[in-house]
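Quick one: structure below, then a few questions.
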Amino acid sequence: MDPMNIDTGLFISEVLTLTFGRAREEEERLRNKIRADHEKALEEAKEKLKKSREEIRAEIQTEKNKVVQEMKTKEKKPLPPVPIPNLTGINGGDPESSDIRKKREKIKEMMKHAWDNYRIYGWGHNELRPIARKGHSTNIFGSSQMGATIVDALDTLYIMGLLDEFRDGQKWIEDNLDFSVNSEVSVFEVNIRFIGGLLSAYYLSGEEIFKIKAVQLAEKLLPAFNTPTGIPWAMVNLKSGVGRNWGWASAGSSILAEFGTLHMEFVHLSYLTGDPVYYKKVMHIRKLLQKMDRPNGLYPNYLNPRTGRWGQYHTSVGGLGDSFYEYLLKAWLMSDKTDHEARKMYDDAIEAIEKHLIKKSRGGLTFIGEWKNGHLEKKMGHLACFAGGMFALGADGSRMDKAGHYLELGAEIAHTCHESYDRTALKLGPESFKFDGAVEAVAVRQAEKYYILRPEVIETYWYLWRFTHDPRYRRWGWEAALAIEKYCRVSGGFSGVKDVYSSTPTHDDVQQSFFLAETLKYLYLLFSGDDLLPLDHWVFNTEAHPLPVLHLSNTTLSGNPAVL
Ligand code: DMJ
């Protein structure tokens, strides 16, 4: 054995003795501590036993309050201040005539009716069953009660001046809205309704809590982007962060209208937090889409997040595709018209849509069909009716200055969608309608005859009203409001109807949260002056939550100019 090794051996044995000695001391110290802690706990337990139940309960409650208080203080810690954009037009809009004022008052009363009943029978639940008079929910919100109606309704309450109701909602959010729940939610729905709703409420009221909640929720959505391509899953578990796609969506695909409808909210999140992570996620999606081949220049509705390949070749401006196109246009508008890349993608997309999907019926109605594997289905969904407003909104700034053309196209779509309402018994539009031979703008299958308080047709009337001031749009909007009042109003709120062609409506017993977020908001704006939420300062997300234009040439995305 060489001397080196003898020394090393000695050294090791000394170290071991020392280490074991120390370990023994440490063990002894720990034992003493445990003994002392046990004795202390025993003493405390004996003391506790001397107390009455009430005293013990009160102590537990005090402890709980302390924890809640600590959480609140933590939550209230403000995010870094950012230059708040120009918030023109959050009040006002007083109508010019007493007739219009009365109509606007009526819409406000309808909002009160919807809200008050939700307040009584559904408070804290996601939605309301106005006939059963109890809470309601669907799988898009997961298994937990997240007060979707409260969050979705806040900005409508605010612009209508229903401020007590607004504060009531704010209080519920402060005390109850918690995203650390074991619940699997739709990334898209939670983004447009919750993040959009909270951001709008923040900008309108300046209340920090809404911004903090929006950011907390956004953090919970981020794991949905952990896919091989960065195209997010449709659903994510808020607690575990595990994501997955809808079983019915073309062999495990993600959906264009879902992953393509995050941009507006995510840009605002980066702006408000100074954290580029949100912006990077949505820009990554855009870049990936730009690189892909598009059959006939059309974007298919399905994209596989594992392979990065398109799923089934189905293109639609209604469900599954709709708000993707809307957000391309609105990204450009929201950037103060500086995001030219988004405008180009929008222009390219609508040129292809016009070429392949937009047709005129024999009776002269312009409609948007759906492209399925090389074949045009002559069917238009209620959801696609939003496109009338989109074409009008995108007219200014269009390629080769075709502004007049796109305004006209928007008006034609508005007319067709009005016809789909007018050709029913209830004067409310069906979920989808056909253009086949003698059938024009009418639903054929029983399963397509329902109306679930959707906003798209009224949304289009409002945009067309803002751009043309043609009185027909207020007339049509009022017809729809009266029909909703007559056939959807019940004593416990508002309900959808199962068949718009039957003069004796059967209710579906659901008051959708978008009825308060969108349908009633667009109606209220239709009967308001243009100075309320002017369109050169505000851009509405797809759930009608207004977000301010970011004049980014004057300011920078907070704390991180590099993001731009
Ligand atoms: C809303 O949640 C949004 O407008 C979405 O973009 C589409 N559908 C509903 C209302 O119909």
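Just follow the structure's listing: the first ligand is 1, and inside any ligand the first atom is 1.
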- Parallel, tilted or perpendicular: ring planes of F179 versus F194, cut at 30 and 60 degrees: perpendicular
Hey, what polar pairs (N/O, under 3.5 Å) does ligand 1 make with protein?
| unit_1 | atom_1 | unit_2 | atom_2 | d |
| --- | --- | --- | --- | --- |
| ligand 1 | 2 (O) | E543 | OE1 | 2.5 |
| ligand 1 | 4 (O) | E518 | OE1 | 3.3 |
| ligand 1 | 4 (O) | E518 | OE2 | 2.9 |
| ligand 1 | 4 (O) | T542 | O | 2.8 |
| ligand 1 | 6 (O) | T542 | OG1 | 2.7 |
| ligand 1 | 11 (O) | R454 | NH1 | 2.7 |
| ligand 1 | 11 (O) | E456 | OE2 | 2.7 |

- Tell me, please, which residues at least two apart from F386 pass ring pair (Phe, Tyr, Trp, His ring centres under 6.0 Å). none
- Under 6.0 Å between ring centres, would you say that holds for W115 and W123? yes
- Task: Answer yes when E341 and R286 have at least one side-chain N-carboxylate O distance shorter than 4.0 Å, and no when they do not.
- Result: yes
- Item | Partners meeting salt bridge (Lys or Arg N to Asp or Glu O under 4.0 Å) with D152 (sequence neighbours left out) | none
- Taking disulfide bond (SG atoms under 2.5 Å apart) as the test, write out the residues that go with C417, two or more places apart. C385
